[in-house]
Amino acid sequence: MDATQTVFGEGPAGAWLMLVGEQPGDREDREGAPFVGPAGRLLDKALDEAGIHRDEVYVTNAVKHFRFETSGNRRLHKTPAAGHVRACRPWLDGELAAVRPAVVGTLGATAAKALLGSSFRITAERGRPRDWEGHRLVATAHPSAVLRMPSDRRGEAFDALVADLAVMAGEHPGRRKR
Ligand code: URA
């Protein structure tokens, strides 16, 4: 399969939380839905541990097409270029305007830089809520980064992802203490 399809976000129109990933993967491109492959399964588990149900979340990506290179008959993920992120930005802005989530969570560097600028560093700033364009925004790592960790560090990386998702849950307007 050479051509890819446009994979839009998915979730309830009035979701309190919008999670923004990088781009659909092989599985997402085949199924036409975001985060339905291995990274999505890990995300679902992390959401569950953070007390968030996937069906209350609008899940989308900074880039709406799978970018890949072929190796034999396999399609291997290729990081999107800044131009792909720019080209897809109107879609993301449209999703933000339609869903109007109280909280936006970015998953990984591509999404964080797309919204906060190229100097943003996840390692230094993840898990810290900030005001952004009328939303509360919390950046965290990408679930794929957890999957890529050596097995002896994967548990720790997963727990850090859950902790950041729990920070997002704490920003839910109904749960916020401020
Ligand atoms: N990785 C992403 O960033 N988005 C998806 O939808 C799947 C994998």
Side-chain angles (χ1 to χ4, degrees), residues 1-12 15 17-50 52-71 74-96 98-99 101 103-118 120-123 125-127 132 135 137-149 154 157-158 160-162 164-165 168:
M1 194 205 286
D2 288 331
T4 59
Q5 61 171 314
T6 310
V7 179
F8 289 108
E10 202 173 73
L17 174 62
M18 181 183 288
L19 289 176
V20 184
E22 182 194 73
Q23 65 174 349
D26 178 68
R27 186 94 225 156
E28 287 76 20
D29 179 54
R30 289 174 200 279
E31 294 194 22
F35 282 103
V36 290
R41 279 195 295 280
L42 186 130
L43 177 63
D44 287 351
K45 191 160 166 266
L47 282 168
D48 199 51
E49 289 208 11
I52 303 170
H53 294 287
R54 164 96 179 227
D55 58 12
E56 55 182 295
V57 183
Y58 187 92
V59 180
T60 192
N61 286 296
V63 172
K64 308 300 192 216
H65 290 91
F66 177 39
R67 185 175 192 221
F68 64 93
E69 55 198 358
T70 44
S71 168
R74 297 181 62 209
R75 304 191 303 169
L76 304 177
H77 166 273
K78 221 173 150 191
T79 302
H84 300 118
V85 175
R86 251 193 326 271
C88 289
R89 184 57 189 265
W91 276 330
L92 183 57
D93 286 341
E95 292 174 297
L96 283 163
V99 179
V103 187
V104 175
T106 57
L107 305 174
T110 298
K113 286 171 192 283
L115 298 185
L116 298 171
S118 58
F120 186 82
R121 294 283 170 271
I122 290 186
T123 36
E125 302 189 61
R126 65 181 288 177
W132 177 80
H135 312 270
L137 185 147
V138 181
T140 189
H142 196 287
S144 297
V146 177
L147 290 173
R148 282 196 304 269
M149 279 280 168
R154 203 170 300 145
F158 179 77
L161 174 62
V162 172
D164 291 346
L165 293 171
M168 295 175 201

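One-based numbering, in listed order, for ligands and for the atoms of each. Numbering of residues begins at 1 and proceeds along the displayed sequence.
Of the inter-residue distances, the one linking Leu165 atom CG with Leu17 atom CG reads 8.0 Å to the nearest 0.5 angstrom.
Between Phe35 and ligand 1, an N or O atom pair is found at a separation short of 3.5 Å.
In the vicinity of His142, heavy-atom distances shorter than 4.0 Å reach the ligand 1 atoms 1 (N), 2 (C), 3 (O). Set against the non-hydrogen atoms of Pro34, the atoms of ligand 1 under 4.0 Å away are 6 (O). Near Gly21, with a cut-off below 4.0 Å to any heavy atom, the atoms of ligand 1 are 3 (O).
Within 6.0 Å of CZ in Arg154 there are more than 12 heavy atoms belonging to other residues, nucleotides or ligands. More than 12 heavy atoms of other residues, nucleotides or ligands lie within 6.0 Å of CZ in Arg54, so this atom counts as buried by the packing criterion.
In this structure, the side chains of Leu107 and Phe35 come closer than 4.5 Å at one or more pairs of heavy atoms.
Looking only at heavy atoms of the protein, atom 5 (C) of ligand 1 is closest to Gln23 O, 3.4 Å. Looking at atom 4 (N) of ligand 1, its nearest protein heavy atom turns out to be Asn61 OD1, 2.6 Å.
Among His77, His65, Lys78, His84, the one residue that satisfies the side chain to side chain donor-acceptor pair (under 3.5 Å) test with Gln23 is His77. Here the options are Arg67, Arg75, Lys64, the test is side chain to side chain contact (heavy atoms under 4.5 Å, CB included), and the partner is Thr4; only Arg75 passes.
Heavy atoms of Arg27 stay at 4.0 angstrom or farther from ligand 1.
In Glu22, the parts holding a heavy atom less than 4.0 Å from any atom of ligand 1 are both the side chain and the backbone.
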